[in-house]
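One structure below.
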Amino acid sequence: MPELPEAETIARSLAPRLEGRRIVDVEFFARRAHGGRPPEVAGRRIRRVRRYGKQVMIELDRGLLFVRLGMTGSLLLRAGAGPYTRARFTLDQGTLCFDDVRQFGSIRLMDRPPEHLGPDPLEIPATQFVDRLRGRRAQVKRLLLDQSFLRGIGNIYADEILFRARMHPKAVAARISPLRARRLHRAIVEILSRAIKKGGSSISDYVDGEGRQGFFQIQHKVYGKQGTPCQKCGAIIRRIVVAQRGTHYCPTCQRI
DNA sequence: CTTAATGTTCCCCA
DNA sequence: TTGGGGAACATTAA
């Protein structure tokens, strides 16, 4: 469920209900959900709720809670714990549950944001992005998925971005012309911004903090569209594997 | 029964 | 150091 647009949508839906609240109790129902010791944040106040890469960052009056949503994580404003509720924060007003079926997600208390993450894809200037691409011999899709290269892009949006930029997922970054690199940067900003406007993509079970679905999946051009005709040229969308992830692209629109 | 799924991390090899 | 491949983690759905 969680890439940058989903994390952004969740953060926006939670912010007005969480900011200013005080945490009165913290419960964890699964060890994996904190990976160590449960963060002892009872008594602390929530200052701000924002997105950081594809994580939701909850700023406290002391410390930062980083919610990594993994593959199936969600943050929900409701009191009742379901079978997949892994943690629950009781607030002075309301309750926040962290649900996560597959348990690839976790919540950790930090002093500062993780330093191994690259720049935000919506903030990096085009010139800087072009520079970063040069000098990398990796396949471009691998780079888009690499959170130390850019923070926030995942498998769905990598495919949609590459289609938008008319670029083959296996194109070698260093061999991309500056012109096409700029086009890729534009595609990143356009696809992510549009997805945020639509509230993210609900392809299986993604919902925001209030349980609302996203609608960007309606506009997917290649992700999950293997075997169907390309909306642009009619060629059949192909599915290959890149970086061990399903990769969807149009063989005629996207040339190496 | 097999395969794939919005992710990350760790290990191995070139 | 960079880059690629594979496995592992846990669970569900097709």
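Values below: every heavy atom of this structure, side chains too, minus hydrogens, waters and symmetry copies. If you're wondering where the values come from, they're calculated on a predicted model, not measured in any experiment.
- The phosphate of dT8(B) (OP1 or OP2) has no side-chain N or O of Arg151(A) nearer than 4.0 angstrom.
- Annotation: the span from Phe104(A) atom CZ to Arg32(A) atom CZ amounts to 7.0 Å, rounded to 0.5 Å.
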Extract all donor-acceptor atom pairs below 3.5 Å that involve side chains of residues 170-180 of chain A and protein atoms in other chains or at least two apart in sequence.
from	atom 1	to	atom 2	distance (Å)
Ser177(A)	OG	Arg180(A)	N	3.1
Arg180(A)	NH2	Arg166(A)	O	3.3

Watson-Crick or G-U pairs under 3.5 Å in DNA chain B, rendered as dot-bracket with [ ] for crossing pairs and | for another strand: .||||.||||||||
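- A gap of 15 Å separates the P atoms of dT3(B) and dG6(C), to the nearest Å.
- As rounded to whole Å, 17 Å separates atom P of dG7(B) from atom CZ of Phe149(A).
- Cation-pi geometry between Arg151(A) and Tyr52(A) is met: under 6.0 angstrom from the ring centre, within 45 degrees of the axis.
- More than 12 heavy atoms of other residues, nucleotides or ligands lie within 6.0 Å of CZ in Arg194(A), so this atom counts as buried by the packing criterion.
- Atom CG of Asp146(A) and atom P of dT9(B) are 11 Å apart (whole Å).
- Taking atom CZ of Arg32(A) as the reference point, atom P of dT8(B) lies 14 Å away to the nearest angstrom.
- For DNA chain B, the neighbouring residues in residues 154-164 of chain A, judged by any heavy atom under 4.0 Å, are Gly154(A), Asn155(A), Ile156(A).
- Side-chain N/O atoms of Arg102(A) include none lying less than 4.0 angstrom from OP1 or OP2 on dA5(B).
- The interatomic distance linking Tyr223(A) (OH) with dT6(B) (P) rounds to 3 Å, in whole Å.
- A donor and an acceptor atom, one from each side chain of Tyr157(A) and Glu6(A), are located under 3.5 Å apart.
- On the nucleic acid side, DNA chain C has its first and last nucleotide under 4.0 Å of a heavy atom of chain A at dG3(C) to dT12(C), going 5' to 3'.
- Salt bridge absent: Arg86(A) and Asp100(A) never bring a charged side-chain N and a carboxylate O closer than 4.0 Å.
- Nucleotide dA5(B) holds its C1' atom 14 Å from the CD atom of Gln244(A), rounded to whole Å.
- A donor atom on one side chain and an acceptor atom on the other are not found under 3.5 Å apart for Ser74(A) and Asp99(A).
- In the displayed structure, Arg62(A) atom CZ is contacted under 6.0 Å by at most 12 heavy atoms of other residues, nucleotides or ligands.
- Under the 4.0 Å criterion applied to side-chain N and carboxylate O atoms, Arg51(A) and Glu8(A) are assigned as salt-bridge partners.
- For the pairing with Thr90(A), the side-chain contact (heavy atoms from CB on, under 4.5 Å) check across Leu96(A), Ile23(A), Asp25(A) returns one residue only, Asp25(A).
- Remark: C1' of dT6(B) and CD of Gln55(A) are 14 Å apart, rounded to the nearest angstrom.
- Computed from coordinates, the Lys54(A) NZ to dT9(B) P distance equals 10 Å when rounded to whole Å.
- Asp92(A) has a carboxylate O that lies under 4.0 Å from a charged side-chain N of Arg21(A), or vice versa, which qualifies the two as a salt bridge.
- We find that Lys221(A) and Glu160(A) are not joined by a salt bridge, their nearest charged nitrogen and carboxylate oxygen being 4.0 Å or further apart.
- Residues of residues 133-142 of chain A having a heavy atom closer than 4.0 Å to DNA chain C, listed by number: Arg136(A), Arg137(A), Ala138(A), Gln139(A), Arg142(A).
- Comparing the same atom, C1', in dG5(C) and in dT6(B) gives a spacing of 22 Å after rounding to whole Å.
- Qualifying salt bridge (Lys or Arg N to Asp or Glu O under 4.0 Å) partners for Lys141(A), counting only residues two or more places apart in sequence or in other chains: Asp159(A).
- The distance from atom CD of Gln147(A) to atom P of dT6(B) is 14 Å, rounded to the nearest whole Å.
- Checked by atom type, the side-chain pair Ser201(A)/His220(A) shows a donor-acceptor distance below 3.5 Å.
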